[in-house]
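Each chain gets a letter, A, B and so on, in the order its sequence line appears, and its residues count up from 1. The figures that follow rest on heavy atoms only: side chains count, while hydrogens, waters and symmetry mates do not.
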Amino acid sequence: MSGGAEAEFRGRVHTAVLAWYAVAGRDLPWRHPDCSPWGVYVSEIMAQQTPIARILAPWQSWMGRWPTPADLAAASRGDVLRAWGRLGYPRRAVNLHAAAKAMVEHHAGQVPEDPAALRALPGVGDYTVAAVASFAFGNPLPVLDTNVRRVLARIAIGEAQAAPTPTRGERDLAAAWLPDDCADANRWNVASMELGALVCTARTPQCATCPVRDLCRWRTAGHPAYAGVRKRPQGYAGTDREVRGRILALVRDDDAPHPRADFDPCADQARVDKLLIALIADGLLEHSRDGYHLPR
DNA sequence: CATACGTGGCG
DNA sequence: TCGCCAAGTAT
């Protein structure tokens, strides 16, 4: 009863966004009806913290080389890391490899459909569970990525952006905003993400062409500036992350073991020593008598 | 709960 | 130039 008006509002937004997506949604390969759950899974791991444009080519070659979990499971970690290339956060590649092995070992070589089984795979958090469940299996769990969080913050709450990290309130909101119809709910998941990626963007939102420009509470409130806590910028220059990246770039370039001296230009000696140890512990590097190299 | 974790592009 | 941002996860 009290939610009647709100349900009406949601319905109008759903209708507009779903219609927009039908004509404006991108033709991404993992959205094709014949794409396997494994293809969806790989796309979701690659897309974590990474612009979609950057993963298109790597996804294609990855799926050509390792079309099933068993194919990837049979590869060496070094080959997997080399194929990951410069996508960033290479532990995602290590986790993807380990997840493929787990699928072979425990799930008959398939991407598991059960959300709890998905969540148990390395590198799979709340977002990826919902994304794979919804996009690969048609099980409409509420997908709450950075796009949906921003879209809901603006349209439903009237704020310019979401909190630094997902809150309980946002999870409840996302669940409440899922359409009742199963097929619509799955479409809403991808369509609201797409709206955030193409129109309701963080930097310069395209409100003039937005399908819900007359409904959005942020816009109708006059685009008020964000008043909440901002997330601290990450920084990169001079961090361990940068030095790790330089070290990995060296060992990724060729198969030959690298003597310790090769890493001298990366940072001061103590720091390089510390990071080499950390990289080995992370499974991203190996050390043999001949030198340092990607895991074999 | 705050922080570490790669990389590149855009305003 | 440089800060911000990009389909997050693990600790």
Taking atom CZ of A:Arg26 as the centre, does the number of heavy atoms from other residues, nucleotides or ligands within less than 6.0 Å exceed 12?
-> yes

Centroid-centroid distance, A:Tyr292 to A:His258, less than 6.0 Å | no

Kindly say whether the aromatic ring centers of A:Trp38 and A:Trp66 come within a distance under 6.0 Å.
-> no

Would you mind classifying the nucleic acid contact of [X] as base, sugar-phosphate or nothing, using non-hydrogen atoms under 4.0 angstrom?
X: A:Arg86; answer: sugar-phosphate
X: A:Pro90; answer: sugar-phosphate
X: A:Leu87; answer: base

Name the residue closer to the 5' end of DNA chain B, choosing between A:Asp240 and A:Thr204 according to the nucleotide with the nearest heavy atom.
-> A:Asp240

In whole angstrom, give me the gap between the P atoms of B:dT3 and C:dC4.
-> 15 Å

Partners meeting side-chain contact (heavy atoms from CB on, under 4.5 Å) with A:Asp290 (sequence neighbours left out) = A:Pro257, A:Ser288

Could you walk me through whether A:Arg219 and A:Asp214 pass side chain to side chain contact (heavy atoms under 4.5 Å, CB included), step by step?
-> CA-CA 8 Å; A:Arg219 180 170 182 272; A:Asp214 295 327; 3.8 Å; yes

Its contact letters, B for base, S for sugar-phosphate only and - for none at protein heavy atoms under 4.0 Å, make nucleotides 3-10 of chain C read BBSBBBBS

Evaluate the criterion side chain to side chain contact (heavy atoms under 4.5 Å, CB included) for residue pair A:Asn189 and A:Phe135; output intermediate values, then yes/no.
-> CA-CA 8 Å; A:Asn189 275 336; A:Phe135 304 148; 3.7 Å; yes

